[in-house]
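Just so you know, these numbers come straight off a predicted model, no measurement behind them. In the text below, chain A, chain B and the rest are named by the order of the sequence lines, each starting its count at 1.
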Amino acid sequence: MAKDKLTAKQQQILSFLQEFIQEYGIPPTVREIQRSLGLSSTSVVDYNLKQLEEKGYITRNKNISRGISLPFKKVEENVTTIPVVGVIAAGSPIEVPEDLSDPAVWADTIEVNNSLLNLKSDGLFALRVKGHSMVDALIDDGDLIIMRHANTAENGETVAVWLEKEKATTLKKFYHEGDRIRLQPANITMQPIYVSPDDIQIQGKLVAVIRQISK
DNA sequence: GGTAAAATCAAATCGAACGT
DNA sequence: ACGTTCGATTTGATTTTACC
């Protein structure tokens, strides 16, 4: 696996590093990191920096002040990093977090080589599918779906929809029929849901499906 | 058999000293 | 001023033990 998991603290340090370098052009000192995280010892910072270094997130120059550097952007030019923000399932309540830029809400991320998918990278997020309501659209339990943020949809598009009454998000095909909306499961055994446009909020459109067949 | 309490072990943190 | 190291301490998770 490409990515080792980071602890919350390491995430904090990493994003602080990124912001600091972004702002001042130079990396912060150990003590500045310490202060910003409210720690009482620099050794904690050192400890976590070592962890980060081992996992390949940073590089450190020994003997030099401000010797931390980020190995040029984990995200290389031809790779798009997409946050996996949660699980989507017909019927059960799932929040799609608003602030996708906050790493804290990411369950995980996936990296997709741009040559595999013809994508604009902005507004993308991914969800793990739970349930079988979309089997006839080649989406089944356990699949990873890549979505793009959107507030509107055309008829026939597959969208993630927030159902105001159920307080849930679900994946369905979208059809606007007169003054109501039909949310059609792509599963012959399941019935469509009819809702008023006021009761739903479109979260995003389906962009791609990733299915793992075996390990 | 099931579980709460106790023991154990590793990871994380601290505070201070030391090195450049 | 800044980075590094080290022993002691705390915290958290895991395993073992003891008891009903």
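In this structure, the salt bridge (charged side-chain N to carboxylate O under 4.0 Å, His left out) partners of Arg211(A), at least two apart in sequence or on a different chain, are Asp143(A). When the side chain to side chain contact (heavy atoms under 4.5 Å, CB included) test is applied to Pro192(A), the partners found at least two apart in sequence or on another chain are Arg182(A), Gln184(A), Pro185(A), Tyr194(A).
Interface remark: the Ser41(A) side chain does form a donor-acceptor pair with the dG15(B) base, using a distance-only criterion of under 3.5 Å. Side chain Ser43(A) to base dC14(B): a donor-acceptor pair is found below 3.5 Å.
Taking atom CZ of Arg31(A) as the reference point, atom C1' of dG19(B) lies 12 Å away to the nearest angstrom. Regarding Asn48(A), its CG atom lies at a distance of 15 Å from the P atom of dG3(C), rounded to whole Å. As a whole-Å value, the separation of Gln34(A) CD from dC14(B) P is 9 Å. dT13(B) atom C1' lies 13 Å from atom CD of Gln51(A), rounded to whole Å. One interatomic measurement links the two molecules: CD of Glu32(A) to P of dC2(C), which rounds to 7 Å at whole-angstrom precision.
Here the straight-line distance linking atom CD1 of Ile145(A) with atom CG of Leu138(A) works out to 13.0 Å at 0.5 Å rounding.
The side chain of Lys50(A) lies closest to dT5(C), out of dT13(B), dC14(B), dT5(C). For Ser40(A), the listed nucleotide lying nearest its side chain is dC14(B); candidates were dC14(B), dT4(C), dC2(C).
Within 6.0 Å of NZ in Lys173(A) there are 12 or fewer heavy atoms belonging to other residues, nucleotides or ligands.
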